[in-house]
Amino acid sequence: MYRGRIAPTPTGLLHLGHARTFALAAQRAQQANGTLIYRTEDLDDARCRPVFAEAAIEDLQWLGLQWQEGPDIGGPHAPYVQSQRLTWFREVWLKLRQSGHIYPCEKSRKDVARALTAPHAEEDAEPIFPPALRPAPGTGSDAMAPGNNNWRFRVPDGEVIRFDDAIQGPQSFQAGQDFGDFLVWRKDGFPSYELAVVADDHEMKITEVVRGADLLISTARQLLLYRALGWSPPAWAHVALVLDQTGQRLSKRAEGLSIRDLRAKGKTPMEIIQGSV
Ligand code: GLU
């Protein structure tokens with residue numbers, strides 16, 4: 001049974017790029033006669049705002065998207081808001097700690113600030129963590145809670161992580177080269193995007209993840225988390241990004257290209273989703 005999801009982060013108004021990705025996610029769920037889940041990814045307390053969470057729901061409803069489980073309607077996997085799912089994320093952290101896949105780490109304050117949201121742009125991505133700063137294998141902590149530490153996942157250096165993407169075709173990324181030990185938990189008490197998204201996609205029984213192609217490399221990290229946790233991963237479909245006139249990806253501040261702006265200019269949902277704006 002197909003279960004897809006849309007997972008907006010309420011740090012701004014949704015734009016044309018979100019509209020197209022989410023519409024495709026909804027379409028794939030519908031074509032498969034499946035279920036679409038709506039999940040609010042609001043772990044970045046400093047940047048997320050309830051008004052944007054409400055606006056996202058309203059904009060996507062206006063576009064004609066329909067979901068069968070979500071923060072506005074509930075469902076068997078409630079709550080559908082990540083800031084209310086911290087108990088579950090702590091359980092997943094503990095599983096990783098007990099299996100020796102993660103270690104506490106005090107380095108790189110900047111990476112830590114970035115890890116809460118999906119790395120959509122080069123400047124959001126974590127630099128490769130220097131392996132020399134890792135603790136030796138087997139010297140893991142036996143902590144029962146994340147405490148006041150940042151925690152990183154130890155990647156298998158040199159291993160090539162491969163997957164088939166339904167839209168982008170075969171993909172491969174090398175651990176230690178394309179990405180390094182990544183953050184799974186921050187000392188201020190929140191999981192990273194990578195941990196939270198895997199924990200929730202698994203718990204919500206998602207069978208296919210549809211999202212922007214800028215997250216392909218995150219999929220490699222997430223596959224390592226699935227394996228470490230002994231869970232089977234979903235299928236993947238990464239949608240090409242919508243670029244602005246200068247060839248840059250649209251950001252949440254994309255002038256005039258928010259769904260609201262386009263709607264105010266009289267554009268129809270069909271024009272926004274199908275690309276004639
Ligand atoms: N909340 C993430 C975002 O807005 C979702 C990424 C994903 O679909 O995994 O980018």
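As the structure lists them, so they are numbered: ligands from 1, and atoms in each ligand from 1. Throughout, residue positions are numbered sequentially from 1 according to the sequence presented.
Of all the listed residues (R5, E194, H238), R5 holds the heavy atom that lies closest to atom 8 (O) of ligand 1.
Those atoms of ligand 1 that come under 4.0 Å of a heavy atom in E41, given as number and element, are 1 (N), 2 (C), 5 (C).
Under the ring-ring contact (aromatic ring centres under 6.0 Å, His included) test applied with H101, the options Y226, W93, F182, F153 reduce to a single match, F153.
Taking a 4.0 Å cut-off on heavy atoms, H120 registers as neighbouring ligand 1.
Residue Q30 qualifies as open at atom CD: its count of foreign heavy atoms under 6.0 Å is 12 or below.
Here the side chains of I272 and K267 are in contact, with some heavy-atom distance below 4.5 Å.
Taking the charged nitrogens against the carboxylate oxygens, R85 and E91 have no contact shorter than 4.0 Å, which rules out a salt bridge.
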**Request:** Output, in order, the C-alpha distance, side-chain angles, deciding distance and verdict of side-chain contact (heavy atoms from CB on, under 4.5 Å) for W67 and D72.
**Result:** CA-CA 10 Å; W67 47 91; D72 53 334; 2.9 Å; yes

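Heavy atoms of L215 found under 4.0 angstrom from ligand 1 belong exclusively to the side chain. The side chain of V197, and not its backbone, has at least one atom closer than 4.0 Å to an atom of ligand 1 (non-hydrogen atoms only; side chain from C-beta on).
At under 3.5 Å, a nitrogen or oxygen of A7, whether backbone or side chain, sits near a nitrogen or oxygen of ligand 1.
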